[in-house]
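Quick notes on the structure that follows.
Naming convention: chains lettered A, B, ... in sequence-line order (proteins, then strands); numbering from 1 in each chain. All heavy atoms count here, side chains included; hydrogens, waters and symmetry mates do not.
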2 protein chains.
Amino acid sequence: MTRWLDEEERTAWLRLGGVLELLPAALDSQLRQDAGLTHFEYLVLAMLSEAPGRTLRMTALATRTNATLPRLSHVVRRLQERGLVDRLPCPEDARATNARLSEHGWSTLVASAPGHVDAVRRYVLDALTPEQVGQLAEIAGAVLQQLDPEGRFASTFTGRGPATAG
Amino acid sequence: MTRWLDEEERTAWLRLGGVLELLPAALDSQLRQDAGLTHFEYLVLAMLSEAPGRTLRMTALATRTNATLPRLSHVVRRLQERGLVDRLPCPEDARATNARLSEHGWSTLVASAPGHVDAVRRYVLDALTPEQVGQLAEIAGAVLQQLDPEGRFASTFTGRGPATAG
DNA sequence: CCGTGTTAGTTGTAGAGACAACTTTGTCGC
DNA sequence: GCGACAAAGTTGTCTCTACAACTAACACGG
């Protein structure tokens with residue numbers, strides 16, 4: 001038997017739904033205008049930039065970006081066509097492909113990072129109290145746990161414990 | 001000068017990013033499998049079902065679903081082609097179009113609602129304490145305020161005050 | 001090593017959204 | 001009541017994503 005939502009649950013859910021709809025659109029729009037990148041493309045470049053040798057295997061990159069492999073494959077191909085990443089066969093496993101951030105990709109990322117971080121602050125963090133930032137980390141962590149029980153996309157968990165110890 | 005994210009902000013943001021990516025996909029997937037609807041299509045039907053006469057003008061429906069008008073126009077046309085809604089010219093304003101939930105649309109919605117609510121519980125609400133549900137409403141409300149300062153999509157605000165009074 | 005199954009990734013195709021251009025109707029000043 | 005501007009939708013095009021089918025390479029039991 002389905003238990004329906006009470007008033008408070010409904011409010012929380014409707015508002016979350018609004019954020020789910022509007023926030024990605026807002027972030028995409030800012031990055032598109034200022035840098036010619038989608039939010040997802042930005043994320044791909046950012047994750048590569050933090051990897052050793054600015055290089056990751058497709059599967060590892062898919063994990064870090066919460067993406068499926070087919071989606072990532074298309075995106076990386078397009079990024080390569082634009083000269084932002086290189087694709088190299090992996091020496092240790094001939095099935096695998098390494099994606100590496102190119103010099104052009106690096107400078108594109110460096111140029112667009114401030115605007116993106118500003119947008120994240122403007123839309124999310126600046127609207128919250130420090131306490132709420134901690135609560136958000138807890139809540140989002142709990143939801144991720146449901147969405148991804150096996151931890152397939154676990155890169156954003158820094159452990160099962162609270163984001164803010166104590 | 002851009003202020004970068006500290007550890008706690010970064011954790012919160014990365015986790016929120018994961019939710020933004022995975023939750024819509026999970027909800028879409030459930031509804032597609034069980035009801036042949038996208039989450040957005042479900043929302044359109046649900047909003048119509050709560051309106052007087054199960055009818056809304058396109059603009060009002062766009063507001064309630066956080067959608068742009070072009071997007072809504074395409075979706076409603078497809079829903080009409082599938083017999084789930086009717087489109088009627090508005091008598092009071094010849095520019096306007098009224099979308100009305102059909103009998104078939106109503107029964108489709110009724111049939112798919114329990115599965116959808118269960119999914120919302122499973123992925124989100126059941127993972128949170130009652131206190132966290134309140135916090136989520138506050139946080140999502142604050143973010144929506146940034147995303148939509150003029151209140152264009154304000155239907156999900158039940159006022160500027162806290163979701164949980166007191 | 002040979003067959004079976006698994007893993008890594010790519011590709012084809014079809015559907016959904018973004019954005020801009022456009023049509024039609026209403027509104028308002030004069 | 002005419003002309004200019006705003007509002008309400010629609011449509012076309014292009015891009016991106018999902019899903020499924022596919023290829024190629026590894027693993028490993030016999």
Side-chain angles (χ1 to χ4, degrees), chain A residues 20-33 36-44 55-82 84-100 150 152, chain B residues 20-33 36-44 55-82 84-100 150 152:
Chain A
L20 250 39
E21 196 62 56
L22 297 178
L23 184 52
L27 293 172
D28 268 345
S29 173
Q30 182 270 320
L31 274 169
R32 287 289 269 278
Q33 294 238 324
L37 294 170
T38 64
H39 181 230
F40 182 72
E41 288 169 340
Y42 177 91
L43 195 59
V44 167
T55 302
L56 282 174
R57 278 165 65 151
M58 293 295 283
T59 301
L61 186 52
T63 298
R64 282 169 177 70
T65 55
N66 299 309
T68 60
L69 216 31
R71 178 185 181 189
L72 182 65
S73 181
H74 281 135
V75 170
V76 168
R77 176 180 45 72
R78 290 189 289 250
L79 288 174
Q80 181 187 31
E81 286 164 4
R82 293 162 58 187
L84 298 172
V85 306
D86 301 316
R87 298 165 79 192
L88 321 153
C90 176
E92 295 125 15
D93 186 338
R95 291 171 300 179
T97 302
N98 281 330
R100 186 178 61 189
E150 301 95 24
R152 157 114 175 59
Chain B
L20 251 38
E21 196 63 55
L22 298 177
L23 183 52
L27 292 172
D28 268 345
S29 173
Q30 181 270 321
L31 274 169
R32 288 289 270 278
Q33 294 237 322
L37 295 171
T38 64
H39 180 231
F40 182 73
E41 288 169 340
Y42 177 92
L43 194 60
V44 168
T55 301
L56 282 173
R57 278 166 63 150
M58 293 295 283
T59 301
L61 187 52
T63 297
R64 281 169 176 69
T65 56
N66 299 309
T68 60
L69 216 30
R71 178 185 182 188
L72 182 64
S73 181
H74 281 135
V75 169
V76 169
R77 175 180 46 71
R78 290 190 288 251
L79 288 174
Q80 181 187 31
E81 285 163 6
R82 293 162 58 187
L84 298 172
V85 305
D86 300 316
R87 297 165 80 192
L88 322 154
C90 175
E92 297 124 15
D93 186 338
R95 292 173 300 181
T97 304
N98 280 331
R100 187 178 61 191
E150 300 95 27
R152 158 119 173 56

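- For the pair A/Ser29 and B/Glu41, both in contact range of DNA chain C, the more 5′-proximal nearest nucleotide belongs to B/Glu41.
- When the C1' atom of C/dA18 is taken as reference, atom CG of A/Asp28 falls 10 Å away, rounded to whole Å.
- Between A/Glu41 and A/Arg82, at least one side-chain nitrogen of the basic residue sits less than 4.0 Å from a carboxylate oxygen of the acidic one, meeting the salt-bridge criterion.
- Contact between the side-chain N/O atoms of A/Arg78 and the OP1/OP2 oxygens of D/dC16 is found at a separation under 4.0 Å.
- Atom CG in B/Leu22 sits about 14 Å away from atom C1' in D/dA18, given to the nearest Å.
- Counting to the nearest Å, the P atom of C/dG17 and the CZ atom of A/Arg32 are 15 Å from each other.
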Each nucleotide N or O in nucleotides 1-3 of chain D that has a protein N or O under 3.5 Å away: list the pair and distance.
none

Pull out every protein N or O sitting under 3.5 Å from an N or O of nucleotides 6-9 of chain D, one pair per line with the distance.
unit_1 : atom_1 : unit_2  : atom_2 : d
D/dA7  : N3     : B/Arg95 : NH1    : 3.4
D/dG9  : OP1    : B/Thr97 : N      : 3.0
D/dG9  : OP1    : B/Thr97 : O      : 3.4
D/dG9  : OP2    : B/Thr59 : N      : 2.8
D/dG9  : OP2    : B/Thr59 : OG1    : 2.1
D/dG9  : O3'    : B/Thr97 : OG1    : 3.3

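- Taking CZ from A/Arg57 and CG from A/Leu88, the interatomic distance works out to 13.0 Å, rounded to the nearest 0.5 Å.
- Distance A/Leu88 CG to C/dT10 C1': 16 Å, rounded to the nearest Å.
- Remark: P of C/dT11 and CZ of A/Arg77 are 7 Å apart, rounded to the nearest angstrom.
- The nearest pair of heavy atoms linking A/Ser73 to A/Met58 is CA-CE, 3.6 Å.
- A distance of 10.5 Å separates OG1 in B/Thr55 from CG in B/Leu61, rounded to the nearest 0.5 Å.
- Going from atom CG of A/Leu20 over to atom C1' of C/dG17 covers 16 Å, rounded to whole Å.
- The nearest whole Å value for the distance from the CD atom in B/Glu81 to the C1' atom in D/dT10 is 13 Å.
- Regarding A/Arg71, its CZ atom lies at a distance of 18 Å from the C1' atom of C/dT13, rounded to whole Å.
- Scanning both residues, A/Ala62 and A/Leu72, for their nearest heavy atoms gives N-CD2, 3.5 Å.
- If you check D/dT11, D/dC16, C/dT25 against the side chain of B/Ala94, the one that comes closest is C/dT25.
- A salt bridge between A/Glu21 and B/Arg71 is present, with a side-chain N of the basic residue lying under 4.0 Å from a carboxylate O of the acidic one.
- Put simply, CG on B/Asn66 and CZ on B/Phe40 are 8.5 Å apart, with the number rounded to the nearest 0.5 Å.
- The line from NE2 of A/His39 to CZ of A/Arg32 is 13.0 Å long, rounded to the nearest 0.5 Å.
- The CG atom of B/Leu27 lies 11.0 Å from the OG1 atom of B/Thr38; values are rounded to the nearest 0.5 Å.
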